[in-house]
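Just below is one structure, and these are the notes that go with it.
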Amino acid sequence: MNDGQRPLWSGRFGIRPAPEAAALGRSVGFDVRLAPHDVAAGIAHVAALRDASVLGEADADRLTAALAEVGQAIADGTLAIDEVDEDVHSVVERAVTERLGDLGARLHAGRSRNDLVVTDLRLWLLEAARRLTGLTTLAIRTLVRRAREEADTPMPGTTHARPAQVVTLGHHLAAHAWALLRDLDRLDAWAGRTSTSPLGAGAVATSTLGLDPAATADRLGFERPFENSIDAVSDRDFVQEFLGVATIEATHLSRLAADLARWTDPALAWAELDEAYSTGSSMMPQKRNPDTAELSRAKAARITAAFVAVSGTLHGLPLGYQRDLQEDKEPAFDAAETLERVLAATVGVLDTLRIDRDAMRTAAAAAELFATDVAEALVRAGVPFRDAHRRTGELLRTLDGDGRSLVDLTPEEWAAFGLPEGGVLLDPERSVAARGTPGGPSPESVLRQAGAIEERLASRSTGRTGRSA
């Protein structure tokens, strides 16, 4: 093999890999995303080699400069990928060696692609998490702003997708904000566990060169170095956990999207998506389709599939690096980038959503929504709840048989039922105002919730997902 065409591992081999084997193992097409982090890891490793007296100061400076130059060339798109390049690590090392000759060949001392790739991936995911944290925070703030605006807008609350009790739109929007706030907590906790540097673990057993993993961890912005070299190169639970966190958040966004699609359905017409977040039909000129909501709803399945794919890859895998672990990156990249797109679109949809308050209030005046109010009025009058529930249900059955509803009861019928002032119960504003319990749907409660969420956002530490490597 020509030296310029040798893979990094070619010394033991006398022939090049079969083309189909090389194609199967080649990952540079997707792991080139790791290039900035590979360069950063390389520069930190050069410093470790210098501190261990493996490199002199001048050689370390030349290697550092060459790595920075290669990183810029990759970012600019001016560095060509060679057919011998298996992965991003091969690209970076080859380009440095082309610039520096034998000095470039010293870069990899005390380092393996096993510890390098997992270092790069941790750095990439931590950076992705910072972007997701920012977008999730923006989505929460947008939900809270809209919740404040709609704190006193009554709407039907549902269970089993059927009318249940009156709530407020602000209460419903705040519910989505609370869910996303938990996603922020999960991202923070994940980042705290993930901020561990594997660099210096080598292939599986560190090296004999006296490198300092703690100093390297600090240079790369990690909170700590690895504790066990086998675990350092084997561990992918940080990928699995990231995908689990992403799956939960994508599910939350999917449920929000389902609500938006339902509210903007012309059959309800409670809200309208802005044209910028709707699409038309290639055949039906009248259509305004909620494609943004529908796609956001569906992307949760794609992200869940990434979690399942990585979990399946890791299941039953022995410790130590196995090439199976190459399959962790594409699902992780795709899930992070998909979630980022969904969040950005969701913020836009929420920001521009138009609410028809009159339509919502009309729907919230449906008599069936006040059955629980009637039963609880009987309870306040001293009737045991089970008796109140039964009596209210029997009344509704009788009215339904007569083609009537609660709104059709006369004052005399209300009095005979035991609630002389029962007619006043059938008012959406009264119904939600009566539910001022903390966490309830009353306007005052919604405003308290909004304030509590804003306080949580203001007090959140930026020390983990906010830390820059």
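To the nearest 0.5 Å, the span separating CG on Leu369 from CG on Leu406 amounts to 10.5 Å. The OH atom of Tyr321 sits 8.0 Å away from atom CZ of Arg113, with the distance rounded to the nearest 0.5 Å. Here Leu121 contributes atom CG and Phe242 contributes atom CZ; the two are 9.5 Å apart, rounded to the nearest 0.5 Å. Distance CG/Leu135 to CZ/Arg341: 12.0 Å, rounded to 0.5 Å. Rounded to the nearest 0.5 angstrom, Arg302 CZ and Leu339 CG are separated by 12.0 Å. Expressed to the nearest 0.5 Å, how far CZ of Arg456 lies from CH2 of Trp178 amounts to 5.5 Å.
Put simply, the side chain of His45 does not reach to within 4.5 Å of the side chain of Thr216, judged on heavy atoms. The shortest distance between side-chain heavy atoms of Ser459 and Glu455 does not fall below 4.5 Å. Using a 4.5 Å cut-off on side-chain heavy atoms (C-beta onward), Phe238 and Val118 make contact. When side chains are defined from C-beta on, Arg297 does not count as touching Leu256, because their heavy atoms never get closer than 4.5 Å. Using a 4.5 Å heavy-atom threshold, the side chains of Met155 and Thr168 count as separate. In this structure the side chain of Trp190 reaches within 4.5 angstrom of the side chain of Leu125, judged on heavy atoms. You'll find the side chain of Arg111 reaches within 4.5 Å of the side chain of Leu199, heavy atoms only. Counting heavy atoms from C-beta on, the side chains of Asp188 and Arg460 come closer than 4.5 Å.
Across Leu180 and Thr136, no two heavy atoms sit closer than the pair O-CG2, 3.8 Å. Considering every non-hydrogen atom in both Leu343 and Ala139, the closest pair reads CD2-CB, 4.3 Å. Nearest heavy-atom pair across Val239 and Ala332 is CG1-CB, 3.9 Å. Taking both residues in full, the closest heavy atoms of Thr119 and Ala41 are given as CG2-CB, 4.2 Å, listed atom of the first, atom of the second, then distance. In terms of heavy-atom proximity, Trp124 sits nearest to His37 at CA-NE2, 3.6 Å. In plain terms, the two heavy atoms of Ala335 and Ile303 that are nearest each other are O-CD1, 3.9 Å.
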**Study point:** Candidate pair Arg224 and Thr196, rule side-chain hydrogen bond (donor to acceptor under 3.5 Å, both in side chains), full reasoning
**Key:** CA-CA 5 Å; Arg224 68 192 71 83; Thr196 299; 2.8 Å; yes

Exercise for review: Decide yes or no on side chain to side chain contact (heavy atoms under 4.5 Å, CB included) for Leu399 and Asp408, but give the supporting numbers first.
Suggested key: CA-CA 9 Å; Leu399 289 171; Asp408 299 312; 5.6 Å; no

Practice item. Apply the test salt bridge (Lys or Arg N to Asp or Glu O under 4.0 Å) to residues Arg145 and Glu454: give CA-CA distance (whole Å), side-chain angles for both, the deciding distance (0.1 Å), then the verdict. Key: CA-CA 10 Å; Arg145 175 175 61 79; Glu454 288 167 340; over 6 Å; no

Practice item. Could you go through the side-chain hydrogen bond (donor to acceptor under 3.5 Å, both in side chains) check for Ser405 and Glu368 one step at a time? Key: CA-CA 8 Å; Ser405 73; Glu368 61 195 304; over 6 Å; no

**Study point:** Trace of the salt bridge (Lys or Arg N to Asp or Glu O under 4.0 Å) decision for Arg404 with Glu413
**Key:** CA-CA 13 Å; Arg404 305 166 70 204; Glu413 287 174 312; 2.9 Å; yes

Practice item. I would like to know whether Leu419 and Trp414 meet side chain to side chain contact (heavy atoms under 4.5 Å, CB included); could you show each step before the answer? Key: CA-CA 5 Å; Leu419 295 174; Trp414 277 116; 4.2 Å; yes

Practice item. Please test Ser90 against Asp85 for side-chain hydrogen bond (donor to acceptor under 3.5 Å, both in side chains), starting from the C-alpha separation and ending with a verdict. Key: CA-CA 5 Å; Ser90 305; Asp85 294 324; 5.3 Å; no

Exercise for review: Before giving the answer on side chain to side chain contact (heavy atoms under 4.5 Å, CB included), spell out for Val91 and Val32 the whole-Å C-alpha distance, their side-chain angles and the decisive distance to 0.1 Å.
Suggested key: CA-CA 9 Å; Val91 174; Val32 72; over 6 Å; no

Practice item. Evaluate the side chain to side chain contact (heavy atoms under 4.5 Å, CB included) criterion for residues Asp152 and Glu429: first the C-alpha distance (whole Å), next the side-chain angles of each, then the deciding distance (0.1 Å), finally the verdict. Key: CA-CA 8 Å; Asp152 58 357; Glu429 282 80 5; over 6 Å; no

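With respect to Glu127 and Arg131, a salt bridge is recorded, a charged nitrogen being found less than 4.0 Å from a carboxylate O. Salt-bridge annotation for Glu249 and Arg182: absent, with no side-chain N of the basic residue lying under 4.0 Å from a carboxylate O of the acidic one. Between Arg141 and Asp351 no salt bridge is recorded (no basic side-chain N to carboxylate O distance below 4.0 Å). Between Arg390 and Glu394, at least one side-chain nitrogen of the basic residue sits less than 4.0 Å from a carboxylate oxygen of the acidic one, meeting the salt-bridge criterion. Here Asp427 pairs with Arg361 in a salt bridge; the nearest charged N to carboxylate O distance falls below 4.0 Å. A salt bridge links Asp235 with Arg122: at least one charged nitrogen is closer than 4.0 Å to a carboxylate oxygen. Taking a cutoff of 4.0 Å between a charged side-chain nitrogen and a carboxylate oxygen, Asp373 and Arg430 qualify as a salt bridge. The pair Arg435-Glu444 does not count as a salt bridge, with every side-chain nitrogen at least 4.0 angstrom from each carboxylate oxygen. By the 4.0 Å N-to-carboxylate-O rule, Glu327 lies too far from Arg236 to be salt-bridged with it.
Residues satisfying the salt bridge (charged side-chain N to carboxylate O under 4.0 Å, His left out) test with Arg354, not counting sequence neighbours, are Glu272, Asp274.
Between the side chains of Gln449 and His171, at least one donor-acceptor pair of N or O atoms lies under 3.5 Å. A side-chain donor from one of His176 and Asp259 sits under 3.5 Å from a side-chain acceptor of the other.
A donor-acceptor pair is defined here as one N or O able to donate and one able to accept, closer than 3.5 Å; such a pair exists between the side chain of Asn228 and the backbone of Asp231. One N or O on the side chain of Arg391 and one on the backbone of Phe417 form a donor-acceptor pair closer than 3.5 Å. A distance-only check finds no donor-acceptor pair linking the side chain of Asp76 to the backbone of Thr78 [under 3.5 Å]. At distances below 3.5 Å, at least one donor-acceptor pair connects side-chain atoms of Thr264 with backbone N or O atoms of Ala261. Judged by distance alone, the side chain of Ser234 and the main-chain N or O of Gly320 form a donor-acceptor pair under 3.5 Å. For Thr346 (side chain) and Val342 (main-chain N/O), a donor-acceptor pair under 3.5 Å exists by modelled atom type. In this structure, the side chain of Arg186 does not engage the main chain of Ile248 through any donor-acceptor pair within 3.5 Å. Distance alone, capped at 3.5 Å, places no donor-acceptor pair between the Ser195 side chain and the Ala191 backbone. Remark: side-chain polar atoms of Asp31 are not paired, donor with acceptor, to backbone N or O of Asp87 under 3.5 angstrom. A donor-acceptor pair under 3.5 Å links the side-chain atoms of Asp115 to the main chain of Gly200, judged by distance alone.
A ring-centre distance under 6.0 Å is found for His172 and Trp263.
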